[in-house]
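One structure is given here, and the rest of the page talks about it.
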Amino acid sequence: MTTKRTALAQARDEHARLGEEIAAHDRAYYREDAPKISDAEYDALRRRYEALEAQFPQLADDKSLSKKVGAAPSEKFAKIVHAVPMLSLGNIFSDADLWEFLARVKRFLGLQPEAEIRFTAEPKIDGLSCSLRYEKGVLVSAATRGDGFEGEDVTANVGAIGDIPQKLEGSPPEILEVRGEVYMSHQDFAALNERQTAQGKPPFANPRNAAAGSLRQLDPAVTAQRPLKFFAYAWGEVSQMPADTQWGMMQAFRSYGFAVNPLTEVFESGENMLAHFRDIESRRASLGYDIDGVVYKVDDLALQHRLGFVSRAPRWATAHKFPAEKATSVLRGIEIQVGRTGALTPVARLDPVTVGGVVVSNATLHNEDEIARKDIRIGDTVIVQRAGDVIPQILGAVLEKRPEGAEPYKMPDTCPVCGSAALREIDPKTAEADVVRRCTGTLVCPAQAVEKLRHFCSRNALDIEGLGDKQIAFFYEKGLIRKLADIFTLQERDRASLTKIENFDGFGKVSTQKLFAAIEARREIVLNRFIFALGIRHVGETNAIRLARAFETFESLRETARRATPGSEARQRLNDIDGIGDVVAEAVADFFLEDHNEQALDALLAQVRIAPMAAVRSESPVAGKTVVFTGALQRMTRDEAKAMAERQGAKVSGSISKKTDLLIAGADAGSKLAKARELGVETIDEDAWLALVGGTGG
Ligand code: IVH
C-alpha cells in the first residue's frame with residue numbers, strides 16, 4: 001500500500017518535471033523556431049511522459065501536455081481559428097509497435113486480427129504544417145498550426161510559394177481547407193544559409209527551422225525571397241468531399257494543382273508497410289528534403305470517421321519515426337574554428353563514416369565544457385549521430401577502445417587564426433565562465449576582420465558612405481583593406497598602383513572619387529564614435545559615450561585600460577564609471593591588453609584625428625535628468641534613443657523609481673508605464689520626446 005502511494009508520488013513528481021521540460025522545448029521549437037534538443041531526444045521525453053500517464057491515468061488531467069498540440073500562436077501575427085482543429089500524430093518506433101498499432105485499429109473496429117485493412121503510407125515531411133482555406137476555388141486564408149485550435153495568419157506570406165495555388169484548377173468543392181507541410185529543400189537550405197552568413201546573419205540550424213523562420217516573417221516580402229515548397233496530405237473543412245478514401249483525396253488534391261508526395265502508396269498488409277518503410281528509409285538521404293519517418297493512414301474515410309481521435313491524435317493514423325542514425329568513427333583531431341564574432345568552436349575531424357547515407361567527416365563538439373562533460377579525447381572511437389539536424393553530433397566515446405595515453409582535451413588559450421589571447425568571460429553574478437571562448441584580437445584577427453571593418457564603417461560608427469558591406473568584402477578579398485588603417489591609405493596606395501580601383505567592376509571614376517572623399521571626410525572623428533567604432537565587445541553606443549565622457553581623450557582611456565589587469569586600480573577606475581559594470585570593464589581591459597590590437601591602433605591613430613566629444617548641451621531640457629524608456633519605439637532603436645539622451649546629458653535608467661524624472665513610453669508599454677503613473681512620474685510618447693530633444697539626434 002505504502003509502496004504504491006510512494007510510486008504514485010514519485011511518478012507525479014517526474015511527470016510534473018517532464019511536463020515543464022517538454023513545455024520549454026515546445027516553446028523553443030514552435031515559437032522561437034530554435035529547438036535545443038534533437039527530435040529523437042524530444043520523442044524520448046514525450047514517450048516517458050506518456051508511459052507515466054499510461055501507468056498512472058490520474059496524471060492525465062486536463063492540464064496534461066498529452067491533451068495539447070504545439071504551442072499557442074505567437075502574438076506577432078493575427079490569429080485564425082481553425083474551422084476543424086489541426087491535430088498531431090501519435091508515434092511508433094519499431095516493427096513491434098506497428099503490429100500493435102494495426103491490432104489496436106482492428107480491435108477498435110471489431111475486426112478479426114487477420115482481417116485486412118488498407119493503409120496509405122507516405123513520408124513524414126520535416127517542415128511545418130499549414131492550413132489553406134479556399135472558397136470557390138480562391139485562396140482566402142492560410143494559417144500555421146499554432147496550438148491546433150488557433151494558428152497564425154500567414155495568408156500574405158504564402159503568396160509567393162509556387163506549390164500553393166492562389167486559384168485552384170479543376171472542380172474543387174466550394175469550401176476546401178487543404179492541409180500539408182511547408183518545407184525547404186536541402187539545396188535551397190544550403191543556398192539560404194550561404195546568403196545568411198554572407199550578410200553576417202546567423203545560419204539556420206536545419207531546413208525545418210529555415211522553413212518556419214521564413215514563413216513566419218512579419219514582412220511577406222522576406223518570405224517571398226525564401227524558396228519554400230508545400231506537400232498536401234490532409235484537410236480541414238470541406239463542403240463536399242470529392243472522394244471517400246485517403247488515396248482518392250490525394251488524387252483530388254493533385255487535380256486541383258497541389259503537389260502530393262510521389263512516395264505515397266497504398267498497402268493491405270503490415271509486411272508491405274514495413275517494406276515500404278525500409279525502402280523510404282534507405283532513400284532518405286537522396287530525397288533532397290528532410291523527412292523523419294513514414295505516416296500510415298487508414299485509407300477508407302468511413303473507417304477513419306469511426307476510429308476518430310484520442311486527445312491530440314487520430315486513432316486512424318500514426319507516424320513511424322526513423323531511429324536517429326548512429327555510427328562509430330575515430331576522432332583524429334579537434335580543429336578550432338573562429339567565427340566572425342571571435343567565438344572559438346571546436347570541430348571534430350573524423351575518419352569518414354557513412355551515417356544514414358551521408359558521409360560524415362566533421363562533427364560539432366559545441367564547446368570545451370561539452371568535450372569535458374562527454375570526456376572525449378583525440379584518438380577515441382566516438383559515436384556519431386545524425387538526427388534530423390544537418391550538423392552531425394558526437395554523443396560520446398567508446399571507453400573500451402580508448403588508446404593508451406590519450407589525454408583529456410585542452411582548448412587552446414590563444415586564437416589559432418591570429419595568435420591573440422582567447423578568453424572565457426566570467427559572469428560576475430554567477431562567477432562562472434561563459435561556455436564560449438573568444439579571441440580578443442578584435443582589430444587584427446582575420447576571422448573577425450570583415451565583420452569589424454563593416455562595423456567600423458557603419459552608420460552609427462564612422463559612417464563612411466560608399467563603403468558598405470559589399471565593398472568591404474570586395475576590398476578585403478582583393479587584399480586592399482585588411483586592417484582599419486588600410487581604409488585611410490587606400491587612396492594613396494591607389495595612386496601608386498597600376499591596377500586602379502576605378503577600373504574594377506562596379507566602380508568608376510566618379511564613384512571612386514566619391515569614396516575617397518567620403519573617407520577623407522572621416523579623418524576627423526568624435527571620440528565616442530571612435531570608441532564605438534572599434535567594436536569592443538559589450539561597448540555599444542551608450543557605453544562608448546560613458547567612456548568618452550569619463551576619459552575625455554582617447555589617450556587617457558587607452559592609458560588606463562592597458563593597465564587594467566584584474567584587481568588593479570586601473571580596472572577599478574573603469575568599473576567606477578556610472579553604468580559600466582564588471583563585464584564591460586573586463587571587455588575593455590581585454591581589448592587594450594591585447595598587444596596585437598595595440599599595434600593596429602597605433603597604425604590607425606597615425607591616420608585619424610580624434611576630436612573631443614561635444615560638450616553636454618546644458619541648455620537641453622533633459623540635461624541632468626534621469627529618464628527611462630519603455631515599450632516599442634517606432635522611429636529609432638532603443639539604443640539610438642538612449643545614446644541621444646546621454647548625448648544631451650540625461651542619465652538613462654532601466655527601471656522606474658521616485659528618482660525618475662521622465663518616462664518615454666513607446667507602443668505596448670506595460671508595467672513600467674503603470675508604475676510611473678503610480679509614482680506620478682511625467683510620461684511622454686516618442687513624438688513628444690523627439691520634439692523635446694530636437695529630433696535630430698542632438
Ligand atoms: S497527417 C490528423 N501526414 O507531422 C493528422 N502529417 O507529428 C494530420 N507531418 O502536424 C497530420 N508529414 O505537421 C500528416 N505526411 C504527413 C505528414 C505530417 C509531416 C507533420 C504535420 C503534423 C505532424 C505530426
Side-chain angles (χ1 to χ4, degrees), residues 22 25-26 29-30 33 35 39-40 42-43 46-47 50 65-66 68-71 73 82-93 101 105 119-132 142-149 151-152 154 163 177-184 207-209 211-212 215-216 228-238 246-247 249-250 253-254 258-266 273 276-277 280 284 287 289-299 301 303-305 307-322 388:
I22 293 170
H25 289 307
D26 280 346
Y29 184 93
Y30 290 106
D33 300 326
D39 289 358
Y42 177 85
D43 286 340
R46 194 103 211 183
R47 249 176 295 161
E50 279 159 18
L65 290 173
S66 51
K68 293 192 198 119
V69 181
H82 299 303
V84 177
M86 282 181 88
L87 296 169
S88 185
L89 288 171
N91 291 321
I92 60 175
F93 299 90
F101 167 73
V105 167
F119 280 87
T120 59
E122 69 197 76
K124 183 169 189 298
I125 317 297
D126 204 4
L128 74 155
S129 49
C130 191
S131 185
L132 310 167
T144 62
R145 180 165 70 173
D147 61 7
F149 299 100
E152 297 151 340
V154 289
D163 289 340
E177 284 183 7
V178 173
R179 293 175 176 176
E181 204 81 352
V182 171
Y183 68 100
M184 194 179 283
R208 197 212 78 89
N209 289 319
L215 183 64
R216 300 166 73 240
L228 295 171
K229 297 196 155 106
F230 181 81
F231 277 128
Y233 55 64
W235 56 91
E237 187 181 346
V238 182
Q246 179 76 29
W247 177 257
M249 288 298 284
M250 294 305 109
F253 286 174
R254 204 170 261 155
F258 289 99
V260 171
N261 193 288
L263 298 174
T264 310
E265 280 184 48
V266 183
M273 290 160 79
H276 190 57
F277 175 79
I280 291 184
R284 183 178 181 188
L287 291 180
Y289 50 87
D290 274 357
I291 63 172
D292 58 351
V294 171
V295 184
Y296 308 118
K297 298 173 185 168
V298 169
D299 190 39
L301 299 189
L303 294 185
Q304 280 193 7
H305 189 73
L307 284 154
F309 296 83
V310 245
S311 61
R312 60 194 265 272
R315 257 192 217 97
W316 46 265
T318 195
H320 191 168
K321 294 287 205 78
F322 297 134

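Atoms within each ligand, like the ligands themselves, are counted from 1 in listed order.
- Annotation: side chain of Arg179 is in contact with side chain of His82 (closest heavy-atom distance under 4.5 Å).
- Close approach of ligand 1 to Glu122 is summarised as follows: ligand atoms under 4.0 Å from at least one heavy atom of the residue are 3 (N), 15 (N), 16 (C).
- Among protein heavy atoms, the minimum distance from atom 13 (O) of ligand 1 is reached at Glu181 OE1, 2.9 Å.
- Of the protein's non-hydrogen atoms, Leu89 CD2, 3.8 Å is the one closest to atom 5 (C) of ligand 1.
- What sits closest to atom 2 (C) of ligand 1 on the protein, heavy atoms only, is Pro314 CG, 3.7 Å.
- Annotation: Ala234 places no N or O atom under 3.5 Å from an N or O atom of ligand 1; distance criterion only.
- Among all protein heavy atoms, the one lying closest to atom 4 (O) of ligand 1 is Lys124 NZ, 3.1 Å.
- Residue Pro123 places at least one N or O, backbone or side chain, under 3.5 Å from an N or O of ligand 1.
- Here the side chains of Ile125 and Tyr289 are in contact, with some heavy-atom distance below 4.5 Å.
- A donor-acceptor contact shorter than 3.5 Å links the side chain of Glu181 to the backbone of Gly127.
- Taking atom 17 (C) of ligand 1 as the reference point, the nearest protein heavy-atom neighbour is Tyr233 CE2, 3.4 Å.
- Under the 4.5 Å side-chain criterion, counting only non-hydrogen atoms from C-beta, Arg315 is not in contact with Val105.
- Listed by number with element, the atoms of ligand 1 under 4.0 Å from a non-hydrogen atom of Arg145 are 10 (O), 22 (C).
- Every atom of ligand 1 with a heavy atom of Ser88 under 4.0 Å away is listed here by number and element: 7 (O), 24 (C).
- Heavy-atom distances between Lys297 and ligand 1 reach below 4.0 Å in at least one pair.
- Remark: ligand 1 atoms within the under-4.0 Å shell around heavy atoms of Ser129 are 10 (O), 13 (O).
- Closest to atom 8 (C) of ligand 1, if we only count protein heavy atoms, is Leu87 O, 4.2 Å.
- The protein heavy atom nearest to atom 12 (N) of ligand 1 is Ile125 N, 2.9 Å.
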